[in-house]
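First the structure, in the form of structure tokens, and then the observations on it.
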Amino acid sequence: MTAAEKPGPWGVIGGTGLTRLQGLHISSRQAVTTDWGEPSAPLVLGTLGEQPVVFLARHGDPHRIPPHQVNYRANLLALKAAGVRRIIAVNAVGSMHPDMPPTRLVLPNQLIDYTWGRGHTYFENVPESGLEGDLQQVTHIDFTLPYSEPLRQQIQATAAAQGIKLVPFATYGCTQGPRLETAAEVRRLERDGCDLVGMTGMPEAALAAELGMEYVCLALVVNWGAGKTEAPITMAEIELALSEGIGQVQQLLEALLASPQS
Ligand code: HPA
């Protein structure tokens with residue numbers, strides 16, 4: 001972002017456990033559509049603390065769209081059309097790393113994409129619309145660092161000031177879902193260097209990069225990866241960790257936006 005460009009409202013994409021953003025003073029709800037179809041839910045515009053925010057529930061409101069059926073292209077494009085240039089994406093994840101137990105917040109700095117068959121780029125024809133995607137401009141975007149370093153720094157500083165425990169580096173492996181992994185798949189993810197596993201980090205991060213938006217993933221660990229404990233993973237344990245951990249996400253977001261942007 002150049003100094004001349006206004007940062008615009010923050011975009012917050014809420015994942016499982018964050019269908020609504022507490023503390024958001026809502027000014028309007030906008031049901032929008034894009035060349036790539038409809039986003040998961042109406043955009044919720046408002047202010048959090050002192051700053052304008054556009055909130056989008058990734059799985060719909062109520063939560064009904066599974067990770068592989070989210071229209072990520074429409075979601076990101078709708079946020080961009082609303083003026084958003086910086087996105088904080090909240091993702092519930094499983095963990096393979098002993099330092100990242102359930103309820104811990106993690107700020108990944110790398111990812112590996114294991115998803116398939118998802119609409120993952122704007123550089124192709126727009127399905128069923130006759131419109132051409134951005135084929136004139138087809139670009140192989142640089143994706144060396146998938147997450148915005150300035151946003152990562154800002155979030156780390158806020159977490160430290162708030163006394164919120166946050167692990168500042170991790171590699172996020174994005175699987176297809178909606179099923180959870182086998183124990184062998186989790187061992188493979190570990191061998192590949194993944195610390196976390198989730199289903200929604202991609203293609204979201206890459207689409208944000210294609211649109212030239214700053215994007216960061218704020219991951220909340222909700223379970224140990226498959227096979228890391230004796231017991232099978234239950235929805236009850238995931239829901240418990242979500243309800244215990246989501247308060248820190250809210251606190252962090254509110255603190256981050258507590259003062260007016262410069
Ligand atoms: N695997 C994949 N996605 C997830 C998990 C998991 O263990 N937990 C939360 N999202």
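One-based numbering, in listed order, for ligands and for the atoms of each. The chain is numbered in sequence order, starting from 1. What you see is a predicted model; the values in this text were computed from it and never measured.
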Exercise. Counting heavy atoms not belonging to Glu244, are there more than 12 under 6.0 Å from its CD?
Worked result: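 Buried by this count: over 12 neighbours within 6.0 Å.
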Exercise. So which protein residues pack against ligand 1 under 4.0 Å, heavy atoms counted?
Worked result: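 Contacts of ligand 1 under 4.0 Å: Ala92, Val93, Gly94, Leu180, Glu181, Val197, Gly198, Met199, Val222, Asn223.
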For this session: May I ask you to say whether Arg188 pairs ionically with Glu181, meaning some side-chain N is under 4.0 Å from a carboxylate O?
Result: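 So Arg188 does not pair with Glu181 through a salt bridge.
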Exercise. If you measure from the Lys or Arg side-chain nitrogens to the Asp or Glu carboxylate oxygens, is any gap between Glu210 and Arg73 under 4.0 Å?
Worked result: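 Salt bridge absent between Glu210 and Arg73.
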Exercise. What orientation do Tyr122 and Trp36 show, parallel under 30°, tilted 30 to 60°, or perpendicular over 60°?
Worked result: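 If you compare the ring of Tyr122 with that of Trp36, the planes turn out perpendicular.
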Problem set entry | Pairs where residues 50-90 contributes a residue and the test ring pair (Phe, Tyr, Trp, His ring centres under 6.0 Å) is met, not counting sequence neighbours |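 Residue pairs passing ring pair (Phe, Tyr, Trp, His ring centres under 6.0 Å), neighbours aside: His59-His63.
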For this session: Please report the closest heavy-atom contact between Gln110 and Thr144, naming both atoms and the distance.
Result: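 Reported closest heavy-atom pair: NE2-O, 2.9 Å.
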